[in-house]
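What you are looking at is a predicted structure, and each value in this text was computed from that prediction instead of being measured. Residue numbering restarts at 1 for every chain, and letters A, B, ... go by the order of the sequence lines.
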Amino acid sequence: MAAVILKDGSRREYPQPVTPLAVARELSQRLAAEAVVAKVNGVLWDLNREMPAEAELELLDFENPEARNVYRHSTAHLMAQAVRQLYPGVRLAIGPAIEDGFYYDFDLDKTFTPEDLVKIQARMAELARANQQIERRVLSRDKALALFREQGEDYKVELIEALPEDAEISLYQQGDFVDLCAGPHVGSTGRLKAFKLTSVAGAYWRGDEHQPMLQRIYGTSFPKASQLEEHLALLEEAKKRDHRKLGRELDLFSLSEEGPGMPIYHPNGVVIWNELLKLWREEHGKDGYLEIRTPQILNKRLWERSGHWDNYADKMYFTEVDETPFALKPMNCPGAMLWYLTSHHSYRDFPLRSAELGLVHRHELSGALHGLMRVRAFTQDDAHIFMLPSQIEEEVGGVIELVDRLYKVFGLEYKLELSTKPEKFMGTEEQWEAATSALMRVLEKRGIDYKINPGDGAFYGPKIDFHILDSLKRGWQCATIQLDFQMPERFDLTYTGEDGQEHRPVIVHRVAYGAIDRFLGILIEHFAGAFPVWLAPVQVKILPIADRHHEYCRKLAAKLQKAGIRVQADLRNEKIGFKIRQAETEKVPYMLVVGDKEVEAGKAALRTRVEGDVGQVDVKEFQERVLAEIKTRKLG
RNA sequence: GCCGAUGUGGCUCAACUGGUAGAGCAGCUGAUUUGUAAUCAGCAGGUUAGGGGUUCGAGUCCCCUCGUCGGCUCCA
């Protein structure tokens with residue numbers, strides 16, 4: 001006897017064990033056709049694998065994220081099967097599903113070319129058409145090891161050896177292809193309909209740069225061709241939002257060969273930059289931050305003292321002045337420590353919030369550079385908060401609120417991560433333990449969702465990071481809050497307590513935007529270059545129809561400019577359609593068209609970026625409207 | 001840094017298997033005085049990223065350097 005309980009609570013009984021697929025077929029053909037994988041007693045389960053005697057069954061289709069991963073993972077197997085057939089001698093590593101697709105890592109002497117991808121994809125289509133059954137088998141550890149040793153699959157052997165003693169070792173087979181895999185998978189290769197191999201790239205075995213470099217082929221798959229096409233079209237759209245492309249088109253910034261990773265900001269970019277800082281200073285003023293500025297280069301001995309010399313030297317730039325070694329600052333903290341040391345401090349001063357817009361230089365790996373997102377010279381909106389240990393939770397909470405307040409202005413969504421002790425660290429295990437649990441408490445008390453990112457902390461302390469996605473859904477760290485018990489020791493920072501004794505303060509390092517540069521890159525992609533009025537480099541463009549309207553337009557522009565609006569009059573000898581087209585491509589929020597009718601009426605014809613031509617408006621009213629939008633930092 | 005791809009005027013691209021660099025846009029000049037996403041004409045602009053090599057001859061082939069793009073985290 002076998003019993004199956006469906007999601008609606010109904011119970012079905014069978015004389016002997018059944019597969020989820022068999023049950024699905026009884027329920028409806030459509031369900032059977034669309035189900036990708038099952039969930040049996042809460043565990044993902046192959047559709048063609050017999051269920052235990054008492055099974056709570058749920059059938060998942062492609063819309064379900066877990067099922068989608070199974071579908072992509074099965075496509076990765078199909079690709080590996082094709083590669084194995086086409087390139088004998090290839091060794092397989094791993095092939096998981098990822099966001100929006102899958103990959104598989106291969107070790108092969110020959111390097112894959114784009115033509116190879118076409119060939120592989122064609123073979124995959126053949127194998128899918130053959131509709132081979134995908135079957136699960138469980139093997140003993142020894143047998144599994146023997147099997148993969150015999151096949152020369154060194155990576156699989158290594159994977160099995162790394163599995164815990166009691167782990168069940170399962171294999172999946174389709175035709176002549178066997179792979180070590182926890183599963184589950186779709187029932188047969190014919191279920192895989194629309195797939196595309198998108199790129200090939202190098203990847204280290206186990207993500208470790210000391211391990212061999214493998215070739216990773218990326219792809220994606222869907223049950224319907226239309227879904228695949230839609231996805232590819234979406235990617236094309238996303239590329240149009242790329243901040244590197246828009247940065248050039250909107251004349252915001254550039255990068256030169258002479259300064260890799262060191263952006264040059266053009267006047268339009270600096271307008272936005274300054275608006276960001278204006279908002280930043282307003283919000284930090286509300287929270288009582290004191291702004292400081294510290295030097296660009298400082299004596300080597302300072303960096304030895306801070307620990308950067310031992311922990312960060314490979315990313316630093318050096319110079320020598322009067323035979324004395326100096327370093328270009330990669331972080332602002334040591335400078336802030338010097339400021340703290342210039343006077344005595346009392347517990348009454350705490351929390352002492354010092355902020356600094358500091359330009360730092362870090363020699364990032366050349367292959368890691370990416371537009372404004374990863375650069376070698378960037379401005380951090382840094383702050384160092386000196387405080388009593390008892391003030392940690394409240395201060396960290398305050399920073400979280402400040403960041404949230406700032407990001408809301410832009411309508412940005414973010415995710416939080418808690419990064420723990422890295423391999424290279426200063427201090428003791430106990431200090432790290434205390435600091436990490438303090439950060440956890442703050443997050444949990446506020447009921448904030450977060451993910452733990454093991455080993456990604458700074459060398460001086462654990463941190464909470466805010467991640468924002470770019471147009472291609474790549475995550476970038478923006479704000480970060482880092483607890484630090486090390487700098488106070490290193491710099492022998494003290495304050496006088498209530499008891500009249502000297503004590504050690506605690507420091508929180510934090511950035512809100514993160515790097516202004518990266519944040520600007522994020523914003524360009526977030527708004528697709530169509531900035532809200534308060535950020536737009538040019539807020540209003542005045543477009544005369546003919547020369548005889550120039551005088552009126554000049555006066556109008558002067559008036560708006562005097563009111564504090566960034567306005568430009570396009571007095572070139574061009575037709576109105578041409579001027580409008582250009583203003584549209586520049587994504588200017590408002591255009592004022594002026595011809596005979598407007599001059600006579602003393603008005604202007606308004607055209608907006610979102611609504612198009614809206615007809616004549618009263619200039620005074622328009623001015624008030626724009627000023628209000630600027631003041632409230634209206635979105636959209 | 002590593003793997004792969006790539007690099008032609010400010011931008012987007014062209015130049016058959018090696019045969020002495022072309023176009024559009026932008027720029028400049030002139031004509032046109034224009035009503036909601038490109039008026040017409042002319043002019044100017046590149047030692048093809050840099051260096052070396054092969055060749056009678058290199059943007060095209062080879063080597064080195066530099067830049068750029070994608071990836072190198074998401075653990076069968």
Side-chain angles (χ1 to χ4, degrees), chain A residues 69 73 76-77 80 92-99 102-105 111-114 116 144 148 153 155-160 162-163 167-172 178-183 185 198-218 239 242 244-245 248-249 251 254-261 314 363-371 417 451 453-456 472 474-475 543-550 572-586 591-598 605-608 612-615:
Chain A
N69 278 346
H73 185 188
H77 272 224
L92 309 185
I94 57 167
I98 51 172
E99 174 90 24
F102 61 86
Y103 67 77
Y104 212 115
D105 285 346
T111 56
F112 291 120
T113 63
D116 289 317
F148 286 107
E153 290 287 8
Y155 299 101
K156 298 295 176 187
V157 170
E158 199 177 321
L159 288 169
I160 295 170
L163 289 173
E168 183 182 66
I169 295 174
S170 56
L171 306 182
Y172 277 79
V178 187
D179 198 359
L180 170 72
C181 187
H185 281 282
T198 48
S199 64
V200 56
Y204 300 108
W205 168 235
R206 303 202 139 168
D208 181 344
E209 59 183 325
H210 306 295
Q211 298 276 4
M213 171 74 70
L214 308 172
Q215 296 187 72
R216 174 171 296 178
I217 301 180
Y218 284 90
K239 278 187 195 152
D242 190 315
R244 293 166 297 189
K245 181 176 152 72
R248 188 169 54 237
E249 289 171 356
D251 201 15
S254 59
L255 289 153
S256 73
E257 282 204 27
E258 283 70 23
D314 56 333
H363 191 265
E364 299 291 344
L365 293 180
S366 59
L369 301 181
H370 182 95
E417 286 185 10
K451 184 182 123 187
N453 198 356
D456 207 36
L472 287 173
R474 292 176 292 212
L543 313 176
I545 300 281
D547 291 358
R548 61 181 176 278
H549 311 122
H550 284 192
R572 291 175 307 171
N573 177 6
E574 296 291 352
K575 291 169 82 168
I576 193 66
F578 181 87
K579 294 181 187 175
I580 286 173
R581 179 186 156 76
Q582 180 150 347
E584 289 283 351
T585 56
E586 288 167 1
M591 285 162 251
L592 292 177
V593 176
V594 174
D596 291 339
K597 286 179 273 178
E598 286 72 27
L606 176 64
R607 183 189 166 99
T608 77
D613 187 1
V614 295

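Partners of A/Lys239 under the salt bridge (Lys or Arg N to Asp or Glu O under 4.0 Å) rule, at least two apart in sequence or in another chain, are A/Glu236. Under the side chain to side chain donor-acceptor pair (under 3.5 Å) criterion, A/Lys245 pairs with A/Glu249, sequence neighbours left out. Residues satisfying the side chain to side chain donor-acceptor pair (under 3.5 Å) criterion with A/Asn69, sequence neighbours excluded, are absent altogether. In terms of the salt bridge (Lys or Arg N to Asp or Glu O under 4.0 Å) criterion, A/Asp456 has no residue partners (sequence neighbours excluded). For A/Asp251, the salt bridge (Lys or Arg N to Asp or Glu O under 4.0 Å) test picks out no residue, with sequence neighbours left out. A search for side chain to side chain donor-acceptor pair (under 3.5 Å) contacts involving A/Thr585 returns nothing, not counting sequence neighbours. Listed by chain and residue number, A/Asp596 satisfy the side chain to side chain donor-acceptor pair (under 3.5 Å) test with A/Arg548 (two or more places apart in sequence, or in another chain). Under the salt bridge (Lys or Arg N to Asp or Glu O under 4.0 Å) criterion, A/Glu417 pairs with A/Lys451, not counting sequence neighbours.
Distance, A/Arg548 CZ to B/G35 C1': 11 Å, rounded to whole Å. Spacing between atom CD of A/Glu364 and atom P of B/G1 amounts to 12 Å, rounded to whole angstrom units. Between A/Leu543 atom CG and B/U33 atom C1' there is a gap of 15 Å when expressed in whole angstrom units. If you measure from atom CD of A/Glu209 to atom P of B/C2, you get 11 Å, rounded to the nearest angstrom. Atom P of nucleotide B/A37 and atom NZ of A/Lys575 are separated by 12 Å, given to the nearest angstrom. In this structure, A/Glu598 places its CD atom 12 Å from P of B/G35, rounding to the nearest Å.
Using P as the reference atom, B/U60 and B/G51 are 13 Å apart when rounded to the nearest Å. Taking atom C1' on both B/A37 and B/A23, the two are 23 Å apart, rounded to the nearest angstrom. Taking the P atoms as reference points, B/G57 lies 14 Å from B/G19, given to the whole Å. Straight-line distance between the C1' atoms of B/U20 and B/A58: roughly 10 Å, to the nearest whole Å. The same atom, P, is picked in B/C62 and in B/A5; the two are 11 Å apart, to the nearest Å. Of the P atoms belonging to B/G45 and B/U6, the separation is 32 Å, rounded to the nearest Å. Rounded to a whole angstrom, the distance from the P atom of B/G70 to that of B/C64 is 24 Å. Rounded to the nearest Å, the gap between the P atom of B/G42 and that of B/G24 is 10 Å.
The pair A/Asp105-A/Arg216 meets the salt-bridge criterion, since a charged nitrogen lies less than 4.0 angstrom from a carboxylate oxygen.
Ring geometry, A/Tyr172 versus A/His77: the interplanar angle exceeds 60°, so the pair is classed perpendicular (tilted spans 30 to 60°).
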Protein-nucleic acid N or O pairs under 3.5 Å, nucleotides 23-31 of chain B:
none

I'd like a table of donor-acceptor pairs (distance under 3.5 Å, sequence neighbours excluded) in which one partner is a side-chain atom from residues 199-212 of chain A, with atom names and distances.
from, atom 1, to, atom 2, distance (Å)
A/Trp205, NE1, A/Glu158, OE1, 3.4
A/Trp205, NE1, A/Glu158, OE2, 3.2
A/Asp208, OD1, A/His210, N, 2.9

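Residue A/Ile576 is classed as a sugar-phosphate contact, given heavy-atom separations below 4.0 Å to backbone atoms only. Contact annotation for A/Lys579: no contact, since no heavy-atom pair falls under 4.0 Å across all strands. As judged by a 4.0 angstrom heavy-atom cut-off over every strand, A/Glu584 is placed among the base-contacting residues. Contacts of A/Glu586 with the nucleic acid, taken as non-hydrogen atoms under 4.0 Å apart, are absent.
For A/Leu214 against A/Tyr155, the heavy-atom pair with the smallest separation is CD2-OH, 3.5 Å.
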_Sugar-phosphate or base contact per nucleotide [nucleotides 62-76 of chain B; S, B, -; heavy atom under 4.0 Å]_ = ----SS-SBBBSSSB
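Comparing B/G4, B/U36, B/G1 against the side chain of A/Leu365 picks out B/G1 as the nearest. The side chain of A/Arg248 approaches B/U12 more closely than any other nucleotide in the set B/G4, B/A38, B/U12. Closest to the A/Asp547 side chain, of the nucleotides B/U33, B/U36, B/A37, is B/U33.
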*asked:* In dot-bracket form, 5' to 3', how is RNA chain B paired? Count Watson-Crick and G-U wobble pairs only if both distances fall under 3.5 Å, and write | where the partner sits on another strand.
replied: (((((((..((((.....[..)))).(((((.......))))).....(((((..]....))))))))))))....
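Distance check, rounded to the nearest 0.5 Å: CD of A/Glu598 to CD1 of A/Ile545 gives 7.0 Å.
If you find the closest nucleotide of RNA chain B to A/Thr585 and to A/Pro114, the one lying nearer the 5' end belongs to A/Pro114.
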